[in-house]
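All values below were derived from every heavy atom in this structure, side-chain atoms included, with hydrogens, water molecules and symmetry-related copies excluded. Since this is a predicted model, take the numbers as computed values, not measurements.
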Amino acid sequence: MKKIFYSVLVLAFFAISFTASGNSVKSLKFFEEAKEVLPITNNPIQEVKKAYTQVLNKYIAKGESNDHWEEYYFLHDVTGDDIPELWLQVNSGESFSIIAFTYRDGRCIQIFKGDLGAPDHIEYFKGRNYVLKTYFSMGYYSWKKYEYKNGDIKESLAFEKYEDLDDENAETPYPSEPSISCYRITDMQGISSLR
């Protein structure tokens, strides 16, 4: 999206330069032809909001129950295009899944799906090109990293620890990355806050 904006900005500069030199008819024709080559989108974020809302509505409609227990979403850009990806934690029937969507070429595309198992005790944290999911239960800690590399999201185990539940001095490990705010899948506030 930035490339389109900068291309139009450069073309506008040339149009103004030609006009200032007395070639106003040529410059206007040049600018009109350039607009046909470069699609100009008034507000791409509005298109992203619409596409992501459609995805959420699809998952809301096919939910296992009306309360959508433990089904959440969050937004975080891992592809580096300044448009955050839509990440879902949804009930897949037998277990829960984490699914990521991106907005590219005017449409919403699923770029990742992985198994979460039970959704209890999960938190999400953000890195520059990744999401970190932490899990804790009964003395077991694990951190999974969902990292964007070479056009794909790869899942890897970043940390794992077993702890004696009777150890009173045990400390809960906690990532240094900032936490991610999650929204219930039926709450469109996260989508509407996109700027």
Side-chain angles (χ1 to χ4, degrees), residues 1 41 43-137 140-160 174-195:
M1 299 292 171
T41 303
N43 190 346
I45 290 299
Q46 292 305 323
E47 293 175 22
V48 172
K49 286 180 181 183
K50 183 179 176 183
Y52 286 176
T53 298
Q54 289 173 348
V55 170
L56 288 180
N57 285 335
K58 173 186 161 193
Y59 280 92
I60 291 168
K62 77 180 224 182
E64 297 292 312
S65 65
N66 289 335
D67 67 356
H68 298 281
W69 177 78
E70 295 295 332
E71 291 188 316
Y72 297 99
Y73 75 94
F74 60 89
L75 301 159
H76 179 56
D77 179 21
V78 295
T79 60
D81 64 358
D82 294 328
I83 297 175
E85 277 62 52
L86 172 65
W87 295 78
L88 304 177
Q89 173 181 302
V90 292
N91 189 334
S92 301
E94 306 235 343
S95 68
F96 279 72
S97 295
I98 182 168
I99 306 170
F101 293 87
T102 194
Y103 186 82
R104 186 182 315 139
D105 300 326
R107 57 194 181 107
C108 195
I109 303 165
Q110 181 180 315
I111 56 173
F112 180 78
K113 183 175 183 179
D115 185 44
L116 282 179
D120 300 336
H121 315 291
I122 289 177
E123 288 184 69
Y124 297 98
F125 299 83
K126 58 185 167 185
R128 190 176 65 80
N129 65 334
Y130 64 90
V131 168
L132 190 67
K133 178 201 69 151
T134 63
Y135 172 79
F136 167 72
S137 182
Y140 173 70
Y141 301 89
S142 75
W143 301 355
K144 284 199 175 173
K145 191 175 193 179
Y146 303 98
E147 187 170 18
Y148 184 78
K149 283 185 180 178
N150 302 323
D152 202 10
I153 293 180
K154 304 289 184 202
E155 178 180 353
S156 63
L157 185 63
F159 175 82
E160 184 175 48
Y174 209 72
S176 60
E177 292 89 346
S179 65
I180 294 176
S181 297
C182 293
Y183 299 91
R184 287 187 61 90
I185 200 164
T186 54
D187 179 1
M188 296 299 166
Q189 180 181 351
I191 299 293
S192 62
S193 68
L194 273 174
R195 303 275 179 255

Review point. What's the verdict on side chain to side chain contact (heavy atoms under 4.5 Å, CB included) for I83 and E47, showing C-alpha distance, side-chain angles and the deciding distance?
Key: CA-CA 11 Å; I83 297 175; E47 293 175 22; over 6 Å; no

Review point. Could you go step by step and tell me if E177 and Y130 meet the side chain to side chain contact (heavy atoms under 4.5 Å, CB included) rule?
Key: CA-CA 10 Å; E177 292 89 346; Y130 64 90; 2.7 Å; yes

Review point. Given I191 and Y73, is the side chain to side chain contact (heavy atoms under 4.5 Å, CB included) satisfied, shown in steps?
Key: CA-CA 10 Å; I191 299 293; Y73 75 94; 3.8 Å; yes

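Take Y72 and apply the ring pair (Phe, Tyr, Trp, His ring centres under 6.0 Å) test, not counting sequence neighbours, and it matches no residue. Judged as a ring pair (Phe, Tyr, Trp, His ring centres under 6.0 Å), and not counting sequence neighbours, F101 has no contacts. Applying the salt bridge (charged side-chain N to carboxylate O under 4.0 Å, His left out) rule to K154 yields the partners D152; only residues at least two apart in sequence or on another chain are considered.
Within the 4.5 Å cutoff, the side chain of L86 has heavy atoms near those of the L75 side chain. By the 4.5 Å heavy-atom criterion applied to side chains, N57 and M188 are counted as neighbours. When side chains are defined from C-beta on, I122 counts as touching K133, because their heavy atoms get closer than 4.5 Å.
A distance of 8.0 Å separates CD1 of I98 from CD of E155, quoted to the nearest 0.5 Å. To the nearest 0.5 Å, atom CD of residue E71 and atom SG of residue C182 are 13.0 Å apart.
A side-chain N or O of E85 and one of T102 form a donor-acceptor pair less than 3.5 Å apart.
Contact between N91 and S95 at its shortest, heavy atoms only, is OD1-O, 3.6 Å.
Under the ring-ring contact (aromatic ring centres under 6.0 Å, His included) rule, W143 has a single partner from F136, F159, Y174, Y124, which is F159.
When atom types are taken as modelled, the side chain of Y146 and the backbone of F112 share no donor-acceptor pair closer than 3.5 angstrom. Distance alone, capped at 3.5 Å, places no donor-acceptor pair between the H121 side chain and the Y141 backbone.
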